[in-house]
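As structure tokens, the structure follows; a few thoughts come after it.
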Amino acid sequence: MATIFEKIINKEIPSEILYEDDLVIAIKDKFPKAPIHLLIISKKVIPSFQKIEKEDLPIIGRMIEIAQKLAKDFKIEKGYRLLTNVGAPSGQTIFHLHFHLLGGRDLLEMG
Ligand code: AMP
């Protein structure tokens, strides 16, 4: 069954798209946990960070580039958190690779 992110990639459900190319899409998180909470999502269906294969590394490289670009665009490049949950025990709810880019306030308060 398609995940929410596949539906977003296929434009079957709306989202606030910030960036898109052949490998990645970046959107605003619908339920932000910080003033700036963006998601950088691979277009390829990779269930989690743990399932990344060597052939996927160009995708990961692009995701890193776009995280850095968005951090600059949102003027948080001096301090932000970039994270990915791996598996249900970590809190992963959508099993399609994505990085959370969080910033915009003192992240130390988030723990
Ligand atoms: P994770 O729990 O690490 O798998 O992250 C999934 C993220 O997707 C959460 O931060 C959710 O708030 C976010 N999310 C869920 N549904 C949507 C949606 N329709 N559009 C944008 N973000 C979403």
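When a ligand or atom number is given, it counts from 1 through the structure's own listing order.
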Spell out, as yes or no, whether a donor-acceptor pair under 3.5 Å connects the side chain of T84 to the backbone of H98. yes
Distance-only criterion, 3.5 Å: show the donor-acceptor pairs between side-chain atoms of residues 69-79 and protein atoms not counting sequence neighbours.
unit_1 : atom_1 : unit_2 : atom_2 : d
K69    : NZ     : D73    : OD2    : 2.9

With hydrogens left out, which residues have an atom under 4.0 Å from ligand 1, given that only heavy atoms count? I4, F5, I8, I27, K28, D29, K30, F31, K33, H37, L39, N85, G91, Q92, T93, I94, H98, H100
For K44 and E53: C-alpha separation, side-chain torsions, deciding distance, then whether side-chain contact (heavy atoms from CB on, under 4.5 Å) applies. CA-CA 12 Å; K44 180 177 173 186; E53 310 260 6; 5.5 Å; no
To the nearest 0.5 Å, how far apart are [atom1] in [X] and [atom2] in [Y]?
{"X": "H100", "Y": "L38", "atom1": "NE2", "atom2": "CG", "result": "11.0 Å"}
{"X": "L82", "Y": "L101", "atom1": "CG", "atom2": "CG", "result": "6.0 Å"}
{"X": "L23", "Y": "E65", "atom1": "CG", "atom2": "CD", "result": "9.5 Å"}

